[in-house]
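See below for the structure under consideration.
All heavy atoms count here, side chains included; hydrogens, waters and symmetry mates do not. Chain letters run A, B, ... following the sequence lines, proteins first and then strands; every chain starts at 1.
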Number of protein chains: 2
Amino acid sequence: MSTPRKAPTMADVARLAGVSPMTVSRAFKRDSSVSDATRSAILEAADNLGYVFDSTASNLRSQRTDFVAVTIPSINNANFADTVRGLSDGLKERGLQILLGYTDYDIQEEERLVEQLLRRRPEAIVVTGGRHTPRTRRLLENAGIPVIETWDLPDDPVGHVVGFSNAAAVRTMVDHFVSAKITRIAFIGGDADRDTRGTDRRAGFIAAMQAHGLDADRLIAAGTPPISMREGADAMGRLLDTLPDTQAVICVSDLSAFGALTECQRRGIDVPGQMAVAGFGDYEIAGICVPSLTTIDPQPREIGKRAADLILEVLDGRQSDPATIALEPILMRRLSSP
Amino acid sequence: MSTPRKAPTMADVARLAGVSPMTVSRAFKRDSSVSDATRSAILEAADNLGYVFDSTASNLRSQRTDFVAVTIPSINNANFADTVRGLSDGLKERGLQILLGYTDYDIQEEERLVEQLLRRRPEAIVVTGGRHTPRTRRLLENAGIPVIETWDLPDDPVGHVVGFSNAAAVRTMVDHFVSAKITRIAFIGGDADRDTRGTDRRAGFIAAMQAHGLDADRLIAAGTPPISMREGADAMGRLLDTLPDTQAVICVSDLSAFGALTECQRRGIDVPGQMAVAGFGDYEIAGICVPSLTTIDPQPREIGKRAADLILEVLDGRQSDPATIALEPILMRRLSSP
DNA sequence: CTGAAAGCGCTAACAT
DNA sequence: ATGTTAGCGCTTTCAG
């Protein structure tokens with residue numbers, strides 16, 4: 001576990017293999033021109049010495065780091081994890097690694113994080129959402145690398161966008177209920193504007209209700225984002241206590257929706273007979289809970305995949321203008337709604 | 001988004017501020033000796049130029065990267081996410097960032113990942129589990145940095161350990177059932193030895209049953225780890241079809257346990273009356289589903305926190321011998337068991 | 001296919 | 001409190 005002596009360098013490997021450091025450098029690259037005999041001699045020498053390639057030196061000299069910076073609101077969220085997985089898979093073939101940071105749904109924290117990440121000279125940066133502090137925006141604009149905003153369709157993007165309209169997605173859900181003659185619909189979401197996607201969903205709910213000429217005043221504040229299952233359950237409790245004639249509730253996420261569902265179970269309220277419930281995200285739980293949960297699939301993995309493709313295109317010079325890729329969230333009709 | 005000209009360096013900032021590059025370097029460090037006037041002049045000059053500190057150069061020269069490498073099996077798992085959060089919080093105060101990679105529960109992938117991570121010269125490395133390929137082990141042993149294995153208590157640790165016995169934790173659960181006179185107990189887990197923690201849990205189940213003189217042959221293979229909610233439900237279906245006199249089932253994780261629970265709901269099987277169900281992990285869902293799920297809390301956040309503390313101690317020279325910190329998983333008795 | 005020279009941008013070490 | 005010198009370990013560039 002401890003190596004008291006200094007770690008071996010390429011020069012050490014070169015000496016042992018009887019070649020120049022430059023040849024060792026080439027031997028560690030994939031497609032460079034080194035004879036097979038020389039290469040295997042070098043790799044063996046390296047192995048004997050316990051040599052491990054030093055990226056820090058390589059990064060500085062070549063001005064390439066081979067990683068892409070990614071910020072997500074929370075590491076503990078299956079939707080964002082799926083986006084990261086899509087990104088990761090898409091970038092892997094090019095040898096690009098992901099440097100991940102999370103913002104805790106806080107744009108001040110995002111600012112700190114983005115600066116930290118940019119110091120490490122990523123080849124590109126992917127951020128979640130389209131709302132940033134002025135300084136974050138300036139940092140991104142001046143970074144000189146591809147910038148991709150995701151999970152949103154910002155009015156004034158910094159660079160590229162791979163996302164969807166959170167408001168429009170919720171409108172789809174409202175329409176779904178209204179077409180089933182359900183009109184007394186509530187919304188359970190965060191009580192702060194911290195989570196901009198949550199805020200957009202609530203705004204989309206209000207706008208959609210008003211477009212149908214319906215009251216949009218059944219808004220239940222469930223806590224500070226991210227809203228937990230427990231907070232969803234508590235919010236449903238308050239809704240049932242204060243507005244018992246409510247026919248349906250749209251929740252800001254599947255997690256809060258599942259919490260709400262369990263509260264109905266505990267109180268013996270039939271779902272969807274007495275109360276329909278809808279979520280957002282199409283987390284695994286939505287498909288398997290009883291009754292299964294009507295929700296919106298925002299295609300998180302696809303967001304990551306498309307962002308990765310876009311990054312590769314831009315780095316290859318195949319794409320130069322800022323692109324906006326708008327995905328269509330999918331309404332997943334299940335048993336928690338009519 | 002595009003910066004055609006080259007990015008400014010410390011030399012540029014120094015020139016504009018009328019000082020030497022060394023003073024600029026000091027101004028960007030926290031506690032270094034620069035007069036307030038000089039520092040603010042420098043920071044202003046940097047701001048005007050849009051200068052962003054270049055860690056790649058700093059890393060090479062100072063031989064410090066200020067990050068800790070962490071490998072986890074999956075990015076989409078609340079337990080591991082909690083450990084990462086504990087680590088992250090504990091390391092943040094020292095300015096250490098986390099470089100995260102995931103192995104997909106595959107020790108071959110772990111080998112690739114560990115080598116990639118070590119090339120970036122982390123200050124320490126935290127891995128999940130105690131089983132590695134011989135090469136991974138060699139890489140870790142020779143890395144010359146603190147190595148911490150987590151989520152397990154390996155027989156022959158590489159270096160430090162912060163973990164718990166997966167087998168002993170499941171024994172606690174078996175004892176819980178047996179003390180309630182429940183003896184026909186099944187285990188739902190993975191069908192491969194890919195997930196070593198899952199394998200240890202199954203082994204712990206078998207050993208505990210045998211210690212009680214009970215048959216340990218109700219083993220249901222639910223798929224390739226990680227076992228999903230859906231796979232847990234399917235496994236429960238097979239269990240009910242083939243061994244209907246089973247009284248209780250212990251699942252390799254809360255996710256599969258919840259799936260199993262929903263299968264009981266769909267079939268009208270009363271839990272825990274006809275079938276008791278237990279999970280592992282104390283995920284949020286365990287506390288809120290109906291009935292709430294008896295499970296084991298392995299204290300994932302605490303694992304991360306302790307690992308972070310240990311790293312700081314070792315880096316400070318306050319701890320030199322390999323340490324093993326064994327945590328005690330907590331049995332969470334809830335409504336899915338008697 | 002291989003090598004020699006130079007230098008990436010910062011900071012350790014030493015000075016004052 | 002600030003400056004000077006040298007060099008971290010690679011790879012770019014140019015040569016053969």
Contact under 4.0 Å: [X] side-chain N or O vs [N] OP1/OP2:
{"X": "B/Gln63", "N": "D/dG9", "value": "yes"}
{"X": "A/Lys6", "N": "D/dC8", "value": "no"}
{"X": "B/Thr38", "N": "D/dT2", "value": "yes"}
{"X": "A/Ser25", "N": "D/dC10", "value": "no"}
{"X": "A/Ser62", "N": "D/dT11", "value": "no"}
{"X": "B/Ser58", "N": "C/dC10", "value": "no"}
{"X": "B/Thr56", "N": "C/dC10", "value": "no"}
{"X": "B/Tyr51", "N": "C/dG9", "value": "no"}

Electrostatic pair A/Asp152-A/Arg131, nearest N-O below 4.0 angstrom: no

Residue whose closest nucleotide on DNA chain D lies nearer the 5' end, B/Val34 versus B/Ala57: B/Val34

Among C/dC8, C/dG3, D/dG9, the nucleotide that comes nearest once only the side chain of A/Arg26 is considered: C/dG3

Residue A/Met22, side-chain heavy atoms: nucleotide from D/dT12, C/dC14, C/dC10 that is nearest: D/dT12

Interface with DNA chain C, restricted to residues 9-16 of chain B and to heavy atoms under 4.0 Å: B/Thr9, B/Met10

B/Phe80 and its side chain to side chain contact (heavy atoms under 4.5 Å, CB included) partner, picked from B/Thr150, B/Ile72, B/Val70: B/Ile72

A/Asp316 side-chain N/O to A/Glu313 backbone N/O, donor-acceptor pair under 3.5 Å: no

